[in-house]
Amino acid sequence: MSGLTVGVDVGGTKIAAGVVDEDGKLIASTRRETPATDTHMVLEAIADGVRELRTGHEVVGVGIGAAGFVDAARAKVMFAPNLAWRDEDLRGELSMALDLPVVVENDANSVAWAESRFGAGRDHDDLVAITIGTGVGGGIVTNGRLLRGGFGVAAEIGHITMVPYGRRCGCGLQGCWEQYGSGRALVGEAREIARHSPAFAAGLLAAAGGDPEAITGEMVTAAAQQGDVGALHCFDEIGRWIGLGLAQLAAVLDPTLFVIGGGVSAAGEVLRGRVEETFRANLTGRGHRPVAEVRLAELGWESGMVGAADLARTSDDSAVPGSDR
């Protein structure tokens, strides 16, 4: 399929839609609030955003990047933790509403695809993209193809068990990676330091008006980039957990590249350097094997839309999962 496509990034709080060309360039975009508890209203908000974009651009398809488990047919969202979707036939309902071909994909997979095609991984055929935000998401590209797994739900890497019977996770299990290596974990560490060692966290407390519970991820990132000792300690901690997870993924997948994106990646080298150091130290067979690069994502907030739009253009509904290139 050639021509312009619309990519829609559907999250728990916002729906972002954009017109994307064949070179991955975002031409126009729009945004809606997500009515997360009403499935019909979510569908209508998506359709409304696409209709708005179609008024000024001729588009040939729509890709949806959804925060949830998407089936192997790229049609249904089987489960979405932050939305009311349960076995929701997004492709069928939106195709009918818009009279356009629709492809549905997991949002982190869409980000991974965008970075592999147009971003930090465009010179690699085997990569893992990690999105570090409130949780930890991921997408895997192997031999130039997006890996979805037999049921379509591969790369839910944030729910790898890192600490048996550890911190309780929103997924219902304990000790998941995202409980230790996410933006939520970063903020939790900063607030705990501020409560118990206020002198060590003086810079963070000053930014938060003296209230540990008012500390945000953006505050921790800004303070770390300015050399604040307490904030840097928080990144030491999260960097170790992320790096350790990458070493486990490398033992299974052997990618040539890891791409780190998501909101926490705004910390730049403060995060990347710490992740890489721990990754290299924990890589099995280190010193006797090639080592994957660790790069920061390049496409930022556009990546979900760009990836979903490109998947709408390059996917074939009759193909088996993993046949996009």
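Residue numbers count from 1 along this sequence. Every heavy atom of this structure was used, including side-chain atoms; hydrogens, water molecules and symmetry mates were not.
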Student: When you measure from the side chain of Asn282 to the backbone of Ala247, do you find a donor-acceptor pair of N or O atoms at a distance under 3.5 Å?
Tutor: no
Student: From Trp241 CH2 over to Met162 CE, what is the distance, rounded to the nearest 0.5 angstrom?
Tutor: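 Those atoms lie 6.0 Å apart.
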Student: Please tell me if the side chains of Ile242 and Ile132 come closer than 4.5 Å, counting only heavy atoms from C-beta onward.
Tutor: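 Contact flag for Ile242/Ile132 side chains = yes.
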Student: Answer yes or no: is there a side-chain heavy-atom contact under 4.5 Å between Val77 and Arg86?
Tutor: no
Student: Do side-chain atoms of Thr278 reach the backbone of Val275 as a donor and acceptor pair under 3.5 angstrom?
Tutor: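 No, the answer is negative, given that no donor and acceptor are paired below the 3.5 Å cut-off.
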Student: For the side chain of Glu22 and the backbone of Gly3, is there at least one donor-acceptor N/O pair under 3.5 Å apart?
Tutor: yes
Student: Can you name the nearest heavy-atom pair linking Gly65 to Ala308, along with the distance?
Tutor: N-CB, 3.8 Å
Student: Could you tell me whether the side chain of Thr161 and the main chain of Pro164 form a donor-acceptor pair under 3.5 Å?
Tutor: no
Student: Evaluate side chain to side chain contact (heavy atoms under 4.5 Å, CB included) for Leu296 paired with Val259, printing each intermediate quantity in order.
Tutor: CA-CA 5 Å; Leu296 295 168; Val259 178; over 6 Å; no
Student: Please give me the minimum heavy-atom distance between Ser303 and Gly300, naming the atom from each residue.
Tutor: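 Heavy atoms of Ser303 and Gly300 come nearest at OG-O, 2.9 Å.
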Student: Would you name the heavy atoms of Val306 and Ala114 that are closest together and state the gap between them?
Tutor: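 Closest pair (atom of Val306, atom of Ala114, distance): CG1-CB, 4.1 Å.
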Student: Hey, does the side chain of Ser95 reach the backbone of Gly92 with a donor-acceptor pair shorter than 3.5 angstrom?
Tutor: no
Student: Between Val111, Leu127, Asp310, Asp125, which is the residue that forms a side chain to side chain contact (heavy atoms under 4.5 Å, CB included) with Ser116?
Tutor: Leu127
Student: Could you go step by step and tell me if Arg145 and Asn143 meet the side chain to side chain contact (heavy atoms under 4.5 Å, CB included) rule?
Tutor: CA-CA 6 Å; Arg145 295 181 175 182; Asn143 196 28; 5.5 Å; no
Student: Do Leu253 and Phe279 sit in one hydrophobic cluster, given that two such residues count as connected whenever their side-chain heavy atoms are within less than 4.5 Å of each other, even indirectly?
Tutor: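 As far as the 4.5 Å side-chain criterion goes, Phe279 and Leu253 are connected within one cluster.
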Student: I'd like to know whether Glu237 forms a salt bridge (charged side-chain N to carboxylate O under 4.0 Å, His left out) with Arg240, so could you lay out the CA-CA distance, the side-chain angles of the two residues, the decisive distance to 0.1 Å, and finally the verdict.
Tutor: CA-CA 5 Å; Glu237 185 73 9; Arg240 281 194 292 266; 2.7 Å; yes
Student: Can you check whether Phe69 and Phe151 have ring centres sitting under 6.0 Å from each other?
Tutor: no
Student: When you check the gap from the basic side-chain N to the acidic O, do Glu192 and Arg195 get nearer than 4.0 Å?
Tutor: no
Student: Do Thr142 and Asp126 have a side chain donor and acceptor closer than 3.5 Å?
Tutor: yes
Student: Walk me through it: do Thr30 and Leu53 pass the test side chain to side chain contact (heavy atoms under 4.5 Å, CB included)?
Tutor: CA-CA 8 Å; Thr30 187; Leu53 294 169; 4.0 Å; yes
Student: Spell out, yes or no, whether Val62 and Leu83 are grouped together once hydrophobic residues are joined by side-chain heavy atoms under 4.5 Å, including indirect joins.
Tutor: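 Hydrophobic grouping puts Val62 with Leu83.
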Student: For Val229, is there any backbone N or O sitting under 3.5 Å from a side-chain donor or acceptor partner on His233?
Tutor: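 Flag not set: sc His233 to bb Val229 has no pair under 3.5 Å.
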Student: If you measure from the Lys or Arg side-chain nitrogens to the Asp or Glu carboxylate oxygens, is any gap between Arg32 and Glu52 under 4.0 Å?
Tutor: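 Looking at Glu52 together with Arg32, the answer is yes, because their closest N to O distance falls below 4.0 Å.
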Student: Which pair of heavy atoms, one from Ala80 and one from Ala67, lies closest together, and at what distance?
Tutor: CB-O, 3.5 Å
Student: Looking only at heavy atoms, what is the nearest atom pair of Gly137 and Ala108, with distance?
Tutor: C-CB, 4.2 Å
Student: Going by the side chain to side chain contact (heavy atoms under 4.5 Å, CB included) test, name the single residue among Val10, Asp9, Ile64 that passes it with Ile15.
Tutor: Val10
Student: Check whether any side-chain heavy atom of Val59 lies under 4.5 Å from a side-chain heavy atom of Leu100, and answer yes or no.
Tutor: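 Answer yes - side chains close enough.
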Student: Check the hydrophobic clustering (I, L, V, M, F, W, Y; side-chain heavy atoms under 4.5 Å; chains of links allowed) and say if Leu299 and Ile140 are grouped together.
Tutor: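 No; Ile140 is not reachable from Leu299 via cluster members.
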Student: Is a salt bridge present between Glu277 and Arg272, judged by a nitrogen-to-oxygen distance below 4.0 Å?
Tutor: no
Student: To the nearest 0.5 Å, tell me how far Ile238 CD1 sits from Arg184 CZ.
Tutor: 11.5 Å
Student: Looking only at heavy atoms, which two atoms of Leu146 and Trp113 are closest? And how far apart?
Tutor: N-CZ3, 3.8 Å
Student: Between Val187 and Thr216, does the side chain to side chain contact (heavy atoms under 4.5 Å, CB included) criterion hold? Intermediate values first, please.
Tutor: CA-CA 6 Å; Val187 172; Thr216 66; 5.6 Å; no
Student: Would you say Ser29 and Val19 make side-chain contact, with heavy atoms under 4.5 Å?
Tutor: no
Student: Do Lys76 and Val104 make a side-chain contact, defined as non-hydrogen atoms from C-beta onward lying under 4.5 Å apart?
Tutor: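 Contact flag for Lys76/Val104 side chains = no.
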Student: Met305, Ile46: one ILVMFWY side-chain cluster at the under-4.5 Å cut-off?
Tutor: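 They do not share one cluster, since no chain of ILVMFWY contacts under 4.5 Å joins Met305 to Ile46.
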Student: Spell out, as yes or no, whether a donor-acceptor pair under 3.5 Å connects the side chain of Asp23 to the backbone of Lys25.
Tutor: no
Student: Using modelled atom types only, decide if a donor and an acceptor are shared between the side chain of Arg167 and the backbone of Gln179 within a distance under 3.5 Å.
Tutor: yes
Student: Which distance, rounded to the nearest 0.5 Å, do you find between the OG1 of Thr221 and the CG of Leu186?
Tutor: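 One finds 6.0 Å between OG1 of Thr221 and CG of Leu186.
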Student: Once you round to the nearest 0.5 Å, how far does CD of Glu269 lie from CZ of Arg274?
Tutor: 9.0 Å
Student: Out of curiosity, Glu302 CD to Leu26 CG, how far, rounded to the nearest 0.5 Å?
Tutor: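 Separation between the atoms: 4.5 Å.
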Student: If you count every heavy atom of other residues, nucleotides or ligands that lies below 6.0 Å from Lys14 atom NZ, does the total exceed 12?
Tutor: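 Counting other residues, nucleotides and ligands, NZ of Lys14 exceeds 12 neighbours.
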Student: Could you grab the distance from atom CG of Leu90 to atom CD of Glu88, nearest 0.5 Å is fine?
Tutor: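 Separation between the atoms: 5.5 Å.
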Student: Could you tell me if the side chain of Leu249 sits less than 4.5 Å from the side chain of Phe258, heavy atoms only?
Tutor: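 Counting from C-beta outward, Phe258 and Leu249 do come under 4.5 Å.
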Student: Is there a side-chain contact between Val6 and Val20 (heavy atoms, below 4.5 Å)?
Tutor: no
Student: Run the salt-bridge test on Arg54 and Asp99 with the 4.0 Å N-O cut-off and return the result as yes or no.
Tutor: no
Student: Quick one: do the Arg313 and Thr5 side chains pair a donor with an acceptor below 3.5 Å?
Tutor: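 There is such a pair (donor and acceptor under 3.5 Å, judged by atom type) between the side chains of Arg313 and Thr5.
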Student: Given 3.5 Å as the limit, does a donor-acceptor pair link the side chain of Arg122 with the main chain of Glu115, or not?
Tutor: no
Student: Compare all side-chain heavy atoms of Glu213 with those of Arg191 and state whether any distance is below 4.5 angstrom.
Tutor: yes
Student: Say whether Leu244 and Val291 are linked into one hydrophobic cluster, either directly or through other cluster members, by side-chain heavy-atom distances under 4.5 angstrom.
Tutor: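 Per the 4.5 Å side-chain linkage, Leu244 and Val291 are co-clustered.
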Student: Between Ser197 and Phe200 (side chain of the first, backbone of the second, donor and acceptor by atom type, cut-off under 3.5 Å), is there such a pair?
Tutor: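 Such a contact is absent between Ser197 side chain and Phe200 backbone.
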